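Read the structure below first, then the notes.
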Amino acid sequence: MIPVCRLADLPRGEAYRLEIDPPVAVFHTEDGEVLAIDDTCTHQDASLADGWLEGCEVECPLHASKFDLRTGAVDAPPARLPVRTHHVVVEGGMIYVQPSEAAPNLPPCVTARLAGGPA
């Protein structure tokens with residue numbers, strides 16, 4: 001489990017970018033749920049933590065694809081692939097993320113960069 005931040009430091013309706021490789025976005029919804037997904041849109045290299053949170057969906061700030069924070073499913077194009085979700089635990093006032101062992105759905109430019117190739 002990776003410690004993220006104190007729950008009190010992540011207001012409802014906000015997101016926190018966890019700087020791991022690849023990055024993870026942790027969202028605190030208006031309803032009080034804390035959910036985590038890969039921070040990179042599956043369509044193009046954009047931070048979902050910088051997107052617009054509405055209910056349990058986040059809208060990518062680049063091309064408006066929407067992702068369900070609970071399932072990772074894409075709800076609006078141009079993205080076609082879901083984002084990976086991660087297990088979240090809130091314990092003792094701290095938020096922790098257990099990264100998924102599934103392969104991420106990253107856009108080609110990010111995949112090439114992580115492999116050491118041209119971005």
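In this chain, numbering begins with 1 at the start of the sequence shown. Quick caveat: nothing in here was measured; it's all calculated off a predicted structure.
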Test Val58 against Lys66 for side-chain contact (heavy atoms from CB on, under 4.5 Å), laying out the working first.
CA-CA 6 Å; Val58 63; Lys66 292 182 182 179; over 6 Å; no

Please walk me through it: do Val4 and Tyr16 pass side-chain contact (heavy atoms from CB on, under 4.5 Å)?
CA-CA 8 Å; Val4 177; Tyr16 179 90; 3.3 Å; yes

Can Val74 and Leu81 be said to form a side-chain contact (heavy atoms from CB on, under 4.5 Å), step by step?
CA-CA 6 Å; Val74 62; Leu81 298 173; over 6 Å; no

Go through Thr29 and Val34 one step at a time and tell me if the side-chain contact (heavy atoms from CB on, under 4.5 Å) criterion holds.
CA-CA 6 Å; Thr29 70; Val34 181; over 6 Å; no

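In this structure, the side chain of His43 does not engage the main chain of Pro78 through any donor-acceptor pair within 3.5 Å. A donor-acceptor pair under 3.5 Å links the side-chain atoms of Asp39 to the main chain of Leu48, judged by distance alone. His86 contributes a side-chain N or O that, together with a main-chain N or O of Ser100, makes up a donor-acceptor pair within less than 3.5 Å. The main-chain N or O of Thr42 is never found under 3.5 Å from a side-chain atom of Asn105 such that the two would form a donor-acceptor pair. Using a distance-only test at 3.5 Å, with no hydrogens or angles considered, no donor-acceptor pair links the side chain of Arg84 to the main chain of Ala103. When atom types are taken as modelled, the side chain of Asp31 and the backbone of Glu33 share no donor-acceptor pair closer than 3.5 angstrom.
The heavy-atom pair separating Ala76 from Ala64 by the smallest distance is CB-O, 4.1 Å. For the pair Thr40 and Pro23, the tightest heavy-atom approach, listed with the atom from each and the gap, is OG1-CD, 4.4 Å. Across all non-hydrogen atoms, the minimal contact from Leu7 to His28 is CD1-CE1, 3.6 Å. The two residues Met1 and Pro3 come nearest to each other via the heavy atoms O-CD, 3.8 Å. Closest heavy-atom contact between Ala49 and Ala15: O-CB, 3.7 Å. Nearest heavy-atom pair across Ala46 and Cys60 is CB-SG, 3.7 Å.
Under the 4.5 Å side-chain criterion, counting only non-hydrogen atoms from C-beta, Glu59 is not in contact with Glu54. When side chains are defined from C-beta on, Cys41 counts as touching Phe67, because their heavy atoms get closer than 4.5 Å. Between His87 and Val97, the closest side-chain pair of non-hydrogen atoms is not below 4.5 Å. The side-chain heavy atoms of Val24 and Pro99, taken from C-beta on, include no pair separated by under 4.5 Å. Between Leu35 and Val26, the closest side-chain pair of non-hydrogen atoms is not below 4.5 Å. Within the 4.5 Å cutoff, no side-chain heavy atoms of Thr71 are placed close to those of Thr85.
Taking CG of Asp9 as the reference point, atom CE of Met94 lies at 8.5 Å (rounded to 0.5 Å). With rounding to the nearest 0.5 Å, the separation of CZ in Arg6 from CD1 in Ile95 is 10.5 Å. Going from atom CG of Leu53 over to atom CZ of Phe27 covers 6.5 Å, rounded to the nearest 0.5 Å. To the nearest 0.5 Å, the span separating SG on Cys5 from CG on Leu10 amounts to 5.0 Å.
Residue-environment remark: CD (Glu91) stays at or below the threshold of 12 foreign heavy atoms within 6.0 Å. More than 12 heavy atoms of other residues, nucleotides or ligands sit less than 6.0 Å from atom CD of Gln98.
Leu106 and Val83 fall into different hydrophobic clusters, where Ile, Leu, Val, Met, Phe, Trp and Tyr side chains are chained together by heavy-atom contacts under 4.5 Å.
Salt-bridge formation is not detected for the pair Glu14/Arg12: no Lys NZ or Arg NE/NH1/NH2 atom is positioned less than 4.0 Å from an Asp or Glu carboxylate oxygen.
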